[in-house]
Participant: 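Quick one: the structure is below, and I'll ask about it shortly.
One-based numbering along the sequence shown. Excluded from the calculations below are hydrogen atoms, water molecules and symmetry mates; all remaining heavy atoms, backbone and side chain alike, are included. Ligands are counted one by one from 1 in listed order, and the atoms in each one are counted from 1 as well.
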Amino acid sequence: MDKIMPNRLDRGFLKYQDEFEMKALEVLRSGWYVLGKEVSAFEAEFANYIEADYCVGLASGLDALWIAFRVLGIGVGDEVIVQGNTYIASVMGITINGATPVFVEPDEFYNIDVSKIEEKITEKTKAILAVHLYGQASNMEPILELCKKYNLRLVEDCAQSHGSKYEGKATGTFGSIGCFSFYPSKNLGAFGDAGAIVTNDSELADKVRIFRNYGSEKRYYNMVVGTNSRLDEIQAGFLRIRLSHMEELEEEKRKIATRYLKEIDNPNIILPQIRYNVTHVWHQFVIRVRNRNALIEYLDEKKIGTIIHYPIPPHLSEAYEYLGLSKGSLPITEEYADTVLSIPLYNGMTEEEQTIVIEALNSWR
Ligand SMILES: *Cc1c(COP(=O)(O)O)cnc(C)c1O
């Protein structure tokens with residue numbers, strides 16, 4: 001048997017191979033490759049899926065984040081609150097604009113601990129960036145209340161939470177702007193880089209649409225200094241296919257996660273928890289163990305691959321040394337960084353592969 005990898009993108013391709021191949025040919029033969037019919041159709045379909053009014057396709061999830069803060073006018077001198085245990089791109093989306101990230105510890109669901117936000121709000125705070133990490137929606141109601149009370153913008157990082165809901169409402173639709181990544185390994189993945197923002201604000205949607213194309217709506221009439229963050233036709237075409245199967249893809253992952261939760265039984269392993277009023281779309285199945293290196297080695301011997309999301313929290317990375325945050329400044333974030341481990345869970349994973357993972361974890365001492 002082949003090694004069981006943490007993710008298998010080829011399986012995701014093989015699932016709908018004919019559709020992807022036909023779409024590739026269709027776009028190649030169309031003679032139109034960037035921002036065209038496929039992109040417009042995908043934007044409409046994705047907005048519909050999320051139940052947002054507008055979607056604007058972009059070149060990556062990071063672009064969605066930094067452009068979101070840019071069009072909201074958040075930059076130098078401003079502070080944005082974000083959880084400490086996020087992927088570093090969330091933080092870069094803030095700092096590319098010159099704004100300062102203010103880190104808050106995560107809760108037991110790996111999302112921002114809402115009870116620790118208020119103490120971090122200052123005169124300079126302009127926004128909260130809610131990251132729905134690993135596929136589970138954050139605790140939105142208290143976040144919305146704080147935004148209202150302190151007149152803060154809410155931006156959502158939904159790079160891992162396509163289709164995840166809080167009390168029946170999709171992540172990405174709670175604040176001013178929802179930011180999505182369609183990087184190949186995400187729950188809705190392209191075959192290259194891609195991203196999008198969603199919003200219910202037509203002015204913000206227009207601003208992003210102009211910004212992504214050198215600040216112009218009409219060719220050669222540049223209204224602002226924008227960027228090039230356009231979405232390719234071929235990627236949008238692939239995304240439309242994947243989106244049309246989203247329910248099935250989501251269900252497949254949920255089934256595997258449910259099985260893991262039921263059958264993984266080892267006192268040394270802390271399983272992920274699900275908040276009662278949200279849906280989890282299982283971008284990652286993240287366990288926690290004290291003796292992580294030993295477990296990684298043990299699984300590796302059994303030909304099971306794992307990944308750590310994420311071993312170095314942003315505040316301790318070299319890139320953010322300038323923030324002056326030392327080890328010990330975010331103890332829960334740091335403990336998670338030392339103990340989290342993502343086990344294999346992907347579309348197209350066989351039951352036999354799942355069984356091997358479960359048995360290996362259960363036999364570890
Ligand atoms: C993947 C990811 C991003 C960045 O998306 P890219 O498309 O890789 O730029 C941002 N935030 C989170 C939480 C992510 O997982």
Participant: Side chains of E353 and Y346: is there a donor and an acceptor less than 3.5 Å apart?
Facilitator: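 Note: E353 and Y346 side chains meet the donor-acceptor criterion.
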Participant: Distance only, no hydrogens: is a donor on one side chain within 3.5 Å (strictly under) of an acceptor on the other, for Y214 and R219?
Facilitator: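 No, R219 and Y214 have no side-chain donor paired with an acceptor closer than 3.5 Å.
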Participant: With a 3.5 Å cut-off and no angle check, do the side chains of R259 and Q354 form a donor-acceptor pair?
Facilitator: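 Note: R259 and Q354 side chains meet the donor-acceptor criterion.
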Participant: Show the nearest heavy-atom pair for residues P344 and M5, with the distance to one decimal.
Facilitator: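 Residues P344 and M5, closest heavy atoms: CB-O, 3.4 Å.
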Participant: Any side-chain heavy-atom pair from N85 and Y310 closer than 4.5 angstrom?
Facilitator: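 When only atoms from C-beta onward are counted, Y310 and N85 do not touch, as no gap falls below 4.5 Å.
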Participant: When the ring planes of H283 and H309 are compared, do they come out parallel, tilted or perpendicular, using 30° and 60° as the limits?
Facilitator: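 Judged by the thresholds at 30° and 60°, the geometry between H283 and H309 is tilted.
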Participant: Tabulate distances under 3.5 Å between N/O atoms of ligand 1 and N/O atoms of the protein, writing both atom names on each line.
Facilitator:
from, atom 1, to, atom 2, distance (Å)
ligand 1, 5 (O), S181, OG, 3.3
ligand 1, 7 (O), G61, N, 2.8
ligand 1, 7 (O), S181, OG, 2.7
ligand 1, 9 (O), G61, N, 3.3
ligand 1, 9 (O), L62, N, 2.8
ligand 1, 11 (N), D157, OD1, 3.3
ligand 1, 11 (N), D157, OD2, 2.7
ligand 1, 15 (O), Q160, NE2, 2.8
ligand 1, 15 (O), K186, NZ, 2.7

